[in-house]
2 protein chains.
Amino acid sequence: MITAEQKFEEFLKSKELKYTSERKLIIKTIFSFNKHFDIEELFERLRKQGNNVSRATIYRTIPLLIQGGLITETLHCQDKTSYENIFNKEHHDHLVCINCGKIIEFYNEKIEKLQEEVCRQHNFVPIEHRLGIKGYCEDCYKKIKGEVK
Amino acid sequence: MITAEQKFEEFLKSKELKYTSERKLIIKTIFSFNKHFDIEELFERLRKQGNNVSRATIYRTIPLLIQGGLITETLHCQDKTSYENIFNKEHHDHLVCINCGKIIEFYNEKIEKLQEEVCRQHNFVPIEHRLGIKGYCEDCYKKIKGEVK
DNA sequence: TTCTTATTGCAATTAAGTCTCAATATCATT
DNA sequence: AATGATATTGAGACTTAATTGCAATAAGAA
């Protein structure tokens, strides 16, 4: 069973790039919190651990992690660009609460199959897809229903 | 049959906002080119027409057009935030070619229904959704297949 | 250990988007 | 048509995210 770190190291080797201590720290840190994150969060986390990796290095490492298939940019939910770990995870889509920001992950086989069908109909070769549904989670909907009108 | 401009005017009136000449120019210009656009394109277009509307005003008008249901932010495809006209258009999703940038719009009733079902299962109240599939269009796939390995 | 080359951090820079504020335009009312 | 309350505008300063150039440094193959 290969780890995320090993996968990243192999990816770098295949591109003749170096597995530096900064890159090790970045990937370790990302995989130590199992949720969506943005650059600032990652930077802060590293700083609190006493690992001063510069923002520039973080910005330069993110595209490598994406190319290596370890993380992906998430839907542009609010304002900031954020990322999520996709290593050893099944593909999934998102329900995003526009009130509290909660993210519910789901996977629906039938939707996946239908997407493939749509692609075939248009002679389109899919590489990646994203489905995001924005709305209100159960709790927030209850709250808001009370307030409005 | 109501026009986009009328709908916008009514929306503004309902919010006790003013239908200024700048806002008229902006909506007219957006609806004169029937495709996805970004702020810079809109700004340039207005400037070439001899209508100098400031960037600040454009940035302030965009959220009003979104709230009024006239445009929507498109998937964050490349780098820039872009928008598309949704007035008098059926809801649709996108196939986006990552080589040439072509956008194919599609609508699939079954996918829509399944999304509703997923929301019900999670007691989630959907407001809006976006499905974008990135990949290669027919032409680009043919080209690339020749080049790679 | 040596040496080539990638990488880093810093600080300057670019770019998108927001904000402030005085001047102005809108539009309901007179 | 004139008035007046208030929303809106443009200019430019400002904020924040992200990128870049460059000298110093680290990786890792030989």
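No hydrogens, no waters, no symmetry mates; every other heavy atom, side chains included, goes into these values. As the structure is a prediction and not an experimental result, all values here were calculated from the model. So you know, we letter chains A, B, ... as the sequences are listed, proteins then strands, and number each from 1.
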Rounded to whole Å, how long is the line connecting atom CD of A:E22 with atom P of D:dA24?
18 Å
Can you check nucleotides 17-21 of chain C for protein contacts, nitrogen or oxygen pairs under 3.5 Å, and list what you find?
| from | atom 1 | to | atom 2 | distance (Å) |
| --- | --- | --- | --- | --- |
| C:dG17 | OP1 | B:T81 | OG1 | 3.1 |
| C:dG17 | OP2 | B:Y59 | OH | 2.7 |
| C:dT20 | O4 | B:R60 | NH1 | 3.4 |

Under the criterion side chain to side chain contact (heavy atoms under 4.5 Å, CB included), which of A:D38, A:I66, A:L42 is the partner of A:Y83?
A:I66
Is any side-chain heavy atom of B:E84 less than 4.5 Å from a side-chain heavy atom of B:I71?
no
Spacing between A:N51 atom CG and C:dT8 atom P, to the nearest angstrom
14 Å
Starting at CZ of A:F8 and ending at C1' of C:dT7, how long is that distance when rounded to a whole Å?
12 Å
Mind calculating the distance between CG (B:L25) and C1' (C:dA25) to the nearest angstrom?
14 Å
Return yes if some donor-acceptor pair links the side-chain N/O of A:H92 with the main-chain N/O of A:E90 below 3.5 Å, else return no.
yes
I'd like to know if the side chain of B:T57 and the backbone of B:V53 have a donor-acceptor N/O pair within less than 3.5 Å.
no
Taken to the nearest whole Å, OH/A:Y19 to P/D:dA27 is 12 Å
When the distance from CD of A:E10 to C1' of D:dG28 is rounded to whole Å, what number comes out?
17 Å
With a 4.0 Å cut-off, would you call A:R47 and A:E44 a salt bridge?
yes
B:K18 NZ to D:dT8 P, straight-line distance once rounded to whole Å:
7 Å
Considering just the side-chain nitrogens and oxygens of B:T20, establish if one lies under 4.0 Å of OP1 or OP2 belonging to D:dT9.
yes
Do A:Y107 and B:V118 belong to the same hydrophobic cluster, where Ile, Leu, Val, Met, Phe, Trp and Tyr are linked whenever their side-chain heavy atoms lie under 4.5 Å apart, directly or via other members?
no
D:dA29 P sits how many Å from A:E16 CD, rounded?
10 Å
